[in-house]
Amino acid sequence: MPWRDADNFFDAFDNAHGRRVRRRVWTMTDGASLPALAKWPGLQTVIAVETMRMAHQQALVTSDYRASITASATFGLSA
């Protein structure tokens, strides 16, 4: 996908608090990549965050995704 490049991606590791956490973040500002997004008036950015955790060395790795959106500040407001 064209929006999955270094300009739209961040990867970080955290070993604090006795656990290992990796967070990966993608942003997409080009709605043409996913045509279904055209149905959302004022949409500016889609943000996806993947978090992977391992509580200790023998623990299973857990993973989850969260998605967020940003939209035009004036969407739905009347003067």
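Ring planes of Tyr65 and Trp26: parallel class, angle under 30° (limits at 30 and 60°).
Partners of Ala55 by side chain to side chain contact (heavy atoms under 4.5 Å, CB included), not counting sequence neighbours, listed by chain and number: Ala59. Applying the side chain to side chain contact (heavy atoms under 4.5 Å, CB included) rule to Leu37 yields the partners Met28, Leu34, Leu43, Val46; only residues at least two apart in sequence or on another chain are considered.
Apart from Phe10 itself, the hydrophobic cluster it occupies contains Val25, Ile47, Val49, where clustering links Ile, Leu, Val, Met, Phe, Trp and Tyr at side-chain heavy-atom distances under 4.5 Å.
Residue pairs meeting the salt bridge (Lys or Arg N to Asp or Glu O under 4.0 Å) criterion with at least one member in residues 32-44: none, sequence neighbours excluded. For residues 40-56, the pairs satisfying salt bridge (Lys or Arg N to Asp or Glu O under 4.0 Å) are Arg24-Glu50, Arg53-Asp64, with sequence neighbours left out.
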Donor-acceptor pairs under 3.5 Å, side chain of residues 12-21 to any protein atom, not counting sequence neighbours: which ones?
{"residue": "Asp14", "atom": "OD1", "partner": "Ala16", "partner atom": "N", "Å": "2.8"}
{"residue": "Asn15", "atom": "OD1", "partner": "Arg20", "partner atom": "NH1", "Å": "3.3"}

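Summarising the geometry, atom OG1 belonging to Thr51 is positioned 11.5 Å from atom CZ belonging to Arg22; distances are rounded to the nearest 0.5 Å.
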